[in-house]
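In what follows, a single structure is set out as structure tokens and then discussed.
Source: prediction; values computed, not measured. A note on names: the letters A, B, ... follow the listed sequences, proteins ahead of strands, and every chain is numbered from 1.
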Amino acid sequence: MSVVLNFRSHLSELFAQALREVSPESADTSILIERPKQTAHGDYACNLAMQLAKPLRKSPRDIANALIAALPKTDFIEKVEIAGAGFINVFIAPAAKQAVVNSVLTAGAGYGHGHVGQGRKVGVEFVSANPTGPLHVGHGRGAAVGDCLCNVLHAAGWNVTREFYYNDAGVQIDNLTLSVQLRCKGVTPDDPSWPDSGYRGDYIADVANAYMAKETVEADDQHITGKGDVEDKEAIRHFAVAYLRREQDLDLRAFQVEFDVFSLESALYTEGKVEATVQKLIASGHTYEQDDALWLRTTDFGDDKDRVMRKSDGGYTYFVPDVAYHLEKWKRGFVRVINEQGSDHHSTITRVRAGLQALDEGIPKGWPDYVLHQMVTVLKNGEEVKISKRAGSYVTLRDLIDEVGCDATRYFLAARSPDSQLVFDIDLAKSQSNDNPVYYIQYAHARISTVLAQWGGDKQALHTVDLSVLESDYEKVLLQKMIDFPTVIETAANDLAPHQIAVYLKDFAADFHSYYNASRFLVEDEQVKLARLALIAAIAQVLRNGLSLLGVSAPEQM
RNA sequence: GUGCCCGUAGCUCAACCGGAUAGAGCACCAGCCUUCUAAGCUGGGGGUUAGGGGUUCGAUUCCCUUCGGGCACGCCA
């Protein structure tokens, strides 16, 4: 039997052929192959007959019969049935499914990877926190979702660049500088003179102390030493930004998130990119002066009102460097750019896209893409937690990692649709029990590792075993689940929905645990034993591959 | 008031860009460890998918509307 595993696309082709024969005039009808929810409905189902009923003015069942008769013969299909209103249900031959075990063992860490990305360049920007304090839970969600999305896109064949954009220019940095300076002078947030816009967290005092003690910080590309001069605002600014960038780097490292590129807003100014963008926009004819300010007519591109580019005090608003930054990305050759941000930034989308359209550089209208995640609430002992010791007004990512660990934090933050608000229950994430889905999945992997270790045989030998005895309902389900994995990755990449990986894994782990409880692996019968061991070895591989997409470890024992 | 996201079991969430009887976990009830990890498994109760219209063979999904929650509406980022 020939090895076919992409049953979905194969069936799609077969049905297309049948369609051309049955109804050539409908040949352009899109053919949807889906997985039925119930096993009684077969392994795959096609609703083509129902779609054609109206245009052909025939009953769906008659069309279904004709389609089945015209379906090219192939050995991976066991039988085809008509059911319900006119569904065509396809049952795959057991041997064809069993072949997935070998594919998984052979492909190893590469199993599940696909080519829809065709090696094209995609830039994913995420986290992009202002360097004004430690990362908070929201940044954590961005980091988890963004990193997982990158992994998924990579697995789907995209050439991914991970990018972090520092807003290290602008008013918030002035506020930071002032706050640190005041701390250097011994003024605290309790003092009546502390400005409303000042940063109040304890970490500001840490920055001030380090500056006064003339400490040196290393932030990725630079070494900055505190000058200790209370009056030198420029020196304080440099030091504070470097100090907090280092702090964020450490948070990210603890979260096991790495970036390929760090872009600085300040560099866009010093390199003249901002000014050049402004000149281009003026030349484009979409700007005008009013009230001593320069405006961009974003209403030409779908915005509900025009936006100020240059304030009356001469400074630019944040979206100008944003447009300059995205123009740079375009020039760097990203056919696709995805920005993962908190939903509180959603108003920038229209503005940035409008600015890019106004430049008339041939940038597509919907470019760049955005994935916006909703707010995170942290729960502990059934109550909402709003503050941390160090940051004062918010819960830091570091607090979560320290309390519940990197794996659980990543899982919980990435496992839900970004569109939904998220409740992070610290007690649940910490619990080492069946309450906790992370351990549930990892536990499945650990159980398999133990069995394989106890067997102690040569794993290479599992590549060539006879799999025909894998016929139980448990085994059929697990085989099909593994066959589904590449499609899950592809769909998650297309939908920009990395949480689908987490959902899949939990489901898959549940199927395994049921199987584990119902079966024994180290049995007398050598053929049965080897077949089952090959199966669970493949399951462990898929679990590893899936967990690695989430950035979660797959322990050998727990 | 305007725009975006959301509303699914008591709680936290799924549902493959319209499919068949809406699924998991927690919690609750009843069971399963002298045999490969019980961080597990098996069974049970629990739903008018916020309400109301519409589109069609078929709607949690698409459209309209009402209600409720979040976010954003600045010459802030």
Using atom [atom1] in both nucleotides, what's the gap between [N] and [M] to the nearest angstrom?
{"N": "B/U21", "M": "B/C67", "atom1": "P", "value": "34 Å"}
{"N": "B/U49", "M": "B/G3", "atom1": "P", "value": "28 Å"}
{"N": "B/G54", "M": "B/G47", "atom1": "P", "value": "26 Å"}
{"N": "B/A9", "M": "B/A24", "atom1": "C1'", "value": "11 Å"}
{"N": "B/A72", "M": "B/C28", "atom1": "C1'", "value": "41 Å"}
{"N": "B/U48", "M": "B/U60", "atom1": "P", "value": "13 Å"}
{"N": "B/A59", "M": "B/G19", "atom1": "P", "value": "11 Å"}
{"N": "B/U61", "M": "B/A50", "atom1": "P", "value": "8 Å"}

Checking contacts here: which listed nucleotide ([options]) is nearest the side-chain heavy atoms of [X]?
{"X": "A/N517", "options": "B/A20, B/A14, B/C41", "answer": "B/C41"}
{"X": "A/Q454", "options": "B/C57, B/U37, B/A14", "answer": "B/U37"}
{"X": "A/R520", "options": "B/U35, B/A20, B/G19", "answer": "B/U35"}
{"X": "A/T450", "options": "B/C36, B/C17, B/A15", "answer": "B/C36"}
{"X": "A/T491", "options": "B/C16, B/A15, B/C71", "answer": "B/C16"}

Under 4.0 Å between a Lys/Arg side-chain N and an Asp/Glu carboxylate O for [X] and [Y]?
{"X": "A/R336", "Y": "A/D369", "result": "yes"}
{"X": "A/E125", "Y": "A/K329", "result": "yes"}
{"X": "A/R307", "Y": "A/D303", "result": "yes"}

Identify whether NZ of Lys or CZ of Arg in A/R310 sits under 6.0 Å from the centre of the six-membered ring of A/Y316 and within 45° of that ring's axis.
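Ring-cation test returns no.
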
Residue closer to the 5' end of RNA chain B, A/R8 versus A/K54 (nearest nucleotide)
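Going by which nucleotide is closer to the 5' end, it is A/R8.
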
Quick check on RNA chain B: between A/M375 and A/R416, whose nearest nucleotide comes earlier from the 5' end?
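On the 5' side of the pair lies A/R416.
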
Roughly, in whole Å, what's the span from [atom1] in [X] to [atom2] in [N]?
{"X": "A/K506", "N": "B/G40", "atom1": "NZ", "atom2": "C1'", "answer": "15 Å"}
{"X": "A/R447", "N": "B/C36", "atom1": "CZ", "atom2": "P", "answer": "11 Å"}
{"X": "A/D419", "N": "B/G69", "atom1": "CG", "atom2": "C1'", "answer": "15 Å"}
{"X": "A/L32", "N": "B/G18", "atom1": "CG", "atom2": "C1'", "answer": "10 Å"}
{"X": "A/Y439", "N": "B/C41", "atom1": "OH", "atom2": "C1'", "answer": "21 Å"}
{"X": "A/L522", "N": "B/U35", "atom1": "CG", "atom2": "C1'", "answer": "11 Å"}
{"X": "A/I31", "N": "B/C16", "atom1": "CD1", "atom2": "P", "answer": "21 Å"}
{"X": "A/R141", "N": "B/C71", "atom1": "CZ", "atom2": "C1'", "answer": "13 Å"}

When we call it a touch if two heavy atoms are under 4.0 Å apart, what does [X] touch: a base, just sugar-phosphate, or nothing?
{"X": "A/A45", "result": "base"}
{"X": "A/R532", "result": "nothing"}
{"X": "A/A85", "result": "nothing"}
{"X": "A/N89", "result": "base"}
{"X": "A/Q442", "result": "nothing"}
{"X": "A/S417", "result": "sugar-phosphate"}

Per-pair stack call A/Y516 and B/G40, 5.5 Å, 30°
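The ring of A/Y516 is not stacked on B/G40.
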
Contact pattern, 5' to 3', of nucleotides 72-77 of chain B - B, S or - by protein heavy atom under 4.0 Å
SSSBSB

Flag yes if more than 12 heavy atoms outside A/K481 fall under 6.0 Å of its NZ atom; otherwise flag no.
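Count over threshold, so yes.
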
Counting only heavy atoms from other residues, nucleotides and ligands, does the tally under 6.0 Å from CD of A/E384 exceed 12?
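Counting neighbours around CD of A/E384, more than 12 heavy atoms of other residues, nucleotides or ligands fall under 6.0 Å, so yes.
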
Are A/H286 and A/F301 close enough that their ring centres sit under 6.0 Å apart?
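Yes, they do, as the ring centres are separated by less than 6.0 Å.
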
Kindly state whether the ring of A/F521 and the ring of A/Y515 have centres lying under 6.0 angstrom apart.
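Between A/F521 and A/Y515, the centre distance is under 6.0 Å.
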
Does A/K37 have a side-chain nitrogen or oxygen under 4.0 Å from the phosphate oxygens OP1 or OP2 of B/A22?
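Checking B/A22 against A/K37, no side-chain N or O comes under 4.0 Å of OP1 or OP2.
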
Tell me every residue that passes salt bridge (charged side-chain N to carboxylate O under 4.0 Å, His left out) with A/R200, counting only those two or more places apart in sequence or in another chain.
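Testing A/R200 for salt bridge (charged side-chain N to carboxylate O under 4.0 Å, His left out), a comparison that skips the adjacent residues, returns none.
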
Who passes ring-ring contact (aromatic ring centres under 6.0 Å, His included) against A/Y443, sequence neighbours left out?
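Here the qualifying residues are A/H513.
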
Under a 3.5 Å limit for both distances, which nucleotide forms a Watson-Crick or G-U wobble pair with [N], could you say?
{"N": "B/G40", "value": "B/C32"}
{"N": "B/C57", "value": "B/G19"}
{"N": "B/C26", "value": "B/G10"}
{"N": "B/C73", "value": "B/G1"}

Any idea if B/C33 is syn or anti, going by the 90°-from-0 cut?
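With its glycosidic angle within 90° of zero, B/C33 counts as syn.
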
